[in-house]
Enquirer: 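A single structure is presented below for examination.
Each chain gets a letter, A, B and so on, in the order the sequences are listed, and its residues count up from 1.
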There are 2 protein chains.
Amino acid sequence: MTARRDHEAAFDRVIELALVLNEDMSHGLGALGLTRSRTEVLWVLHHRGPSTQRILADAMGVSARNVTGLVDALVATGFVTREPHPTDRRAALVTLTEHGERTTAVLARDYAELARALFADMPAERFECFVAGLERVLAELRERVAAARG
Amino acid sequence: MTARRDHEAAFDRVIELALVLNEDMSHGLGALGLTRSRTEVLWVLHHRGPSTQRILADAMGVSARNVTGLVDALVATGFVTREPHPTDRRAALVTLTEHGERTTAVLARDYAELARALFADMPAERFECFVAGLERVLAELRERVAAARG
DNA sequence: TATTGTTATACTCTATAACTATA
DNA sequence: TATAGTTATAGAGTATAACAATA
């Protein structure tokens with residue numbers, strides 16, 4: 001059955017896509033003095049503004065302890081500040097520094113640029129078809145993950 | 001410009017695909033008593049047969065020290081054996097145990113089954129178009145990674 | 001001399017559990 | 001009583017450097 005082999009070959013490509021994408025992104029981060037996890041913290045702050053560590057932990061799906069360590073590292077390297085929360089004295093408020101803001105701006109710009117590089121030259125018809133297939137595959141995978149968790 | 005926003009939205013999906021795929025695969029591995037890195041070792045052995053640690057390190061793009069630790073763990077959990085190399089007394093030969101063979105067989109089957117689940121219901125036309133788009137995106141990303149390394 | 005793999009050391013990400021301070 | 005965050009402890013992956021045994 002050729003279809004079966006085609007399906008596996010296509011899946012190989014999907015896996016490779018995930019790997020290559022990961023490698024490409026990690027590369028740029030190293031140059032900025034960041035790791036993937038620390039960047040995720042910055043990304044949440046970029047989108048949601050100053051946040052408590054609890055919010056960061058929930059947004060990232062990670063333990064509170066883990067966030068403590070990530071924020072420690074980001075404070076030490078000047079990307080964020082950790083300050084007392086103005087109204088809840090148990091909580092800390094994590095805020096991007098100016099350096100952090102500049103960095104997330106660069107990340108956002110690079111992200112948009114990569115999206116453009118990947119798709120700008122693609123004929124509209126193929127682009128739409130690709131996105132449709134992507135949605136389909138994503139939906140299937142999301143369902144599997146949800147089932148595994150539920 | 002709507003195209004620009006569409007490109008970013010599509011790229012968002014690609015990123016999500018990588019994340020969800022990662023999560024789905026990691027889930028099953030935990031149940032088998034494996035991690036991603038250890039599974040990668042098994043996968044190389046499955047495809048290339050008994051191998052020295054040097055070969056494993058090169059195939060995985062990882063340090064020799066790292067492979068020592070991964071193989072230690074896989075030996076301790078009964079997936080592989082580490083034996084003296086028959087002709088080169090410096091080297092160790094890593095081989096799948098019967099348990100390791102059964103495990104890689106299961107992984108291969110699950111892999112094929114997931115590929116089927118993702119694509120079997122997709123109309124041939126859309127499938128082809130999706131694969132074409134995928135190849136395009138992959139080619140672009142491979143080039144970027146190669147450029148970053150070179 | 002070059003290569004294989006190990007020991008030594010260190011950093012990052014991650015988790016759970018116990019604890020403090022506050023709500 | 002419940003929540004926010006830290007300290008304590010542990011395990012996994014990763015790297016470089018120094019070293020042993022062998023090629």
Side-chain angles (χ1 to χ4, degrees), chain A residues 19 22-23 25-27 29-45 48 50-77 79-95 149, chain B residues 19 22-23 25-27 29-45 48 50-77 79-95 149:
Chain A
L19 293 177
N22 189 52
E23 188 172 346
M25 301 188 100
S26 300
H27 178 82
L29 298 184
L32 293 169
L34 286 170
T35 63
R36 278 193 72 82
S37 294
R38 292 176 195 177
T39 304
E40 201 181 342
V41 173
L42 298 190
W43 208 236
V44 175
L45 294 172
R48 307 168 70 137
S51 308
T52 65
Q53 296 188 182
R54 169 86 336 241
I55 287 175
L56 293 173
D58 290 344
M60 297 171 65
V62 107
S63 72
R65 177 60 185 93
N66 195 352
V67 170
T68 297
L70 295 172
V71 171
D72 283 350
L74 288 167
V75 169
T77 47
F79 289 95
V80 307
T81 58
R82 180 198 269 126
E83 282 165 3
H85 191 284
T87 66
D88 185 341
R89 291 201 305 180
R90 296 170 303 179
L93 198 61
V94 182
T95 307
R149 271 201 287 245
Chain B
L19 293 176
N22 189 52
E23 188 171 345
M25 302 189 99
S26 300
H27 178 81
L29 298 184
L32 293 170
L34 286 171
T35 63
R36 278 193 72 83
S37 294
R38 292 175 195 179
T39 303
E40 201 181 343
V41 173
L42 297 189
W43 209 236
V44 175
L45 294 173
R48 305 167 71 136
S51 308
T52 64
Q53 296 187 184
R54 170 89 332 245
I55 287 175
L56 293 172
D58 289 344
M60 297 172 64
V62 107
S63 71
R65 176 63 187 90
N66 196 352
V67 170
T68 297
L70 295 172
V71 171
D72 283 351
L74 288 168
V75 169
T77 47
F79 288 95
V80 307
T81 58
R82 180 197 269 128
E83 284 165 1
H85 190 285
T87 66
D88 184 341
R89 293 202 303 182
R90 295 169 304 180
L93 197 63
V94 182
T95 307
R149 271 201 285 245

Enquirer: Please tell me which of the listed nucleotides, D:dT22, D:dT16, D:dG5, lies nearest to the side chain of B:Arg65?
Expert: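 Looking only at side-chain atoms, B:Arg65 lies closest to D:dT16.
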Enquirer: If you take all heavy atoms of A:Val62 and A:Asn66, which pair is closest and at what distance?
Expert: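 So the minimum-distance heavy-atom pair works out to CG2-ND2, 3.3 Å.
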Enquirer: Only one of B:Thr95, B:Thr68, B:Asp72 clears side chain to side chain donor-acceptor pair (under 3.5 Å) with B:Arg82; which?
Expert: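 In the set B:Thr95, B:Thr68, B:Asp72, the residue that makes a side chain to side chain donor-acceptor pair (under 3.5 Å) with B:Arg82 is B:Asp72.
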Enquirer: How long is the line joining NE2 of A:His85 and P of D:dT3, in whole Å?
Expert: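 My rounded result for the distance is 16 Å.
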Enquirer: What is the distance, to the nearest angstrom, from the CZ atom on A:Arg89 to the C1' atom on D:dT3?
Expert: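 Interatomic distance, CZ of A:Arg89 to C1' of D:dT3: 15 Å.
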Enquirer: Which heavy-atom pair separates B:Leu70 from B:Ser37 by the least distance, and what is that distance?
Expert: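 For B:Leu70 and B:Ser37, the tightest heavy-atom pair comes out as CD2-CB, 3.8 Å.
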Enquirer: Can you measure B:Met60 atom CE to D:dT14 atom P for me and round it to whole angstrom units?
Expert: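 Going from B:Met60 (CE) to D:dT14 (P), I get 6 Å.
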Enquirer: In whole angstrom, what separates A:Arg36's CZ from D:dG13's P?
Expert: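 Those two atoms, CZ and P, are 18 Å apart.
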Enquirer: Output, in order, the C-alpha distance, side-chain angles, deciding distance and verdict of side-chain contact (heavy atoms from CB on, under 4.5 Å) for A:Leu45 and A:Leu56.
Expert: CA-CA 8 Å; A:Leu45 294 172; A:Leu56 293 173; 3.9 Å; yes
Enquirer: B:Asp88 CG to D:dA21 P: how many Å, rounded?
Expert: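 Between P of D:dA21 and CG of B:Asp88: 15 Å.
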Enquirer: Of the nucleotides D:dT22, D:dA12, D:dG5, which has the atom closest to the A:Ala91 side chain?
Expert: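 From the listed options, D:dG5 comes nearest.
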Enquirer: For the side chain of B:Leu70, starting at C-beta, report the closest nucleotide among D:dG13, D:dT6, D:dT22.
Expert: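 The answer is D:dG13.
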Enquirer: Which part of the nucleic acid, if any, lies within contact of A:Val67, taking any heavy atom under 4.0 Å across all strands shown: a base, the sugar-phosphate backbone alone, or nothing?
Expert: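 Nothing, no nucleic acid heavy atom in range.
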Enquirer: Does a side-chain N or O of B:Arg38 approach OP1 or OP2 of D:dG13 to a distance below 4.0 Å, or not?
Expert: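 The answer is yes; a side-chain N or O of B:Arg38 sits under 4.0 Å from OP1 or OP2.
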Enquirer: List the atom of B:Arg38, the atom of B:Leu34, and the distance in Å for their closest heavy-atom pair.
Expert: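 Of all heavy-atom pairs spanning B:Arg38 and B:Leu34, the closest is CB-CD2, 4.2 Å.
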Enquirer: Just verifying a value: how many Å separate A:His27 NE2 and A:Leu32 CG, rounded to the nearest 0.5 Å?
Expert: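 It is 10.0 Å, given to the nearest 0.5 Å.
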Enquirer: It should be established whether A:Thr68 places a side-chain nitrogen or oxygen under 4.0 Å from OP1 or OP2 of nucleotide D:dT6.
Expert: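 A:Thr68 to D:dT6 OP1/OP2: side-chain N or O found under 4.0 Å.
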Enquirer: Under 4.0 Å: is that the gap between some side-chain N or O of A:Arg54 and OP1 or OP2 of D:dA4?
Expert: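 Yes, because at least one side-chain N or O of A:Arg54 sits under 4.0 Å from OP1 or OP2 of D:dA4.
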Enquirer: If you look at every strand shown and take non-hydrogen atoms under 4.0 Å, does A:Ser37 touch a base, only sugar-phosphate, or nothing?
Expert: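 Sugar-phosphate: the residue A:Ser37, judged by heavy atoms under 4.0 Å, touches backbone atoms but no base.
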Enquirer: Students should find this one: the first and last nucleotides of DNA chain C, 5' to 3', lying under 4.0 Å from a heavy atom of chain A. What are they?
Expert: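 The contact span of chain A on DNA chain C goes from C:dT12 to C:dA23.
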Enquirer: Would you kindly give the CG-to-C1' distance between A:Asp72 and D:dT7, to the nearest whole Å?
Expert: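 After rounding, the reported distance stands at 11 Å.
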Enquirer: What is the minimum heavy-atom distance between B:Thr52 and B:Ala91, and which atoms define it?
Expert: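 For B:Thr52 versus B:Ala91, the nearest heavy atoms are CG2-CB, 4.1 Å.
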Enquirer: Can you name the closest pair of heavy atoms from B:Glu83 and B:Thr81 and give their distance?
Expert: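 Answer, listing the atom of B:Glu83 first, then B:Thr81: OE2-OG1, 3.9 Å.
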Enquirer: Please report the closest heavy-atom contact between B:Arg36 and B:Asn22, naming both atoms and the distance.
Expert: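 Closest heavy-atom pair between B:Arg36 and B:Asn22: NH1-OD1, 3.2 Å.
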Enquirer: Please report the end-to-end axis angle for the helix from C:dG5-D:dC19 to C:dA23-D:dT1, five pairs per end, rounded to 10 degrees.
Expert: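 Computed from the C1' atoms at both ends, the axes differ by 0°.
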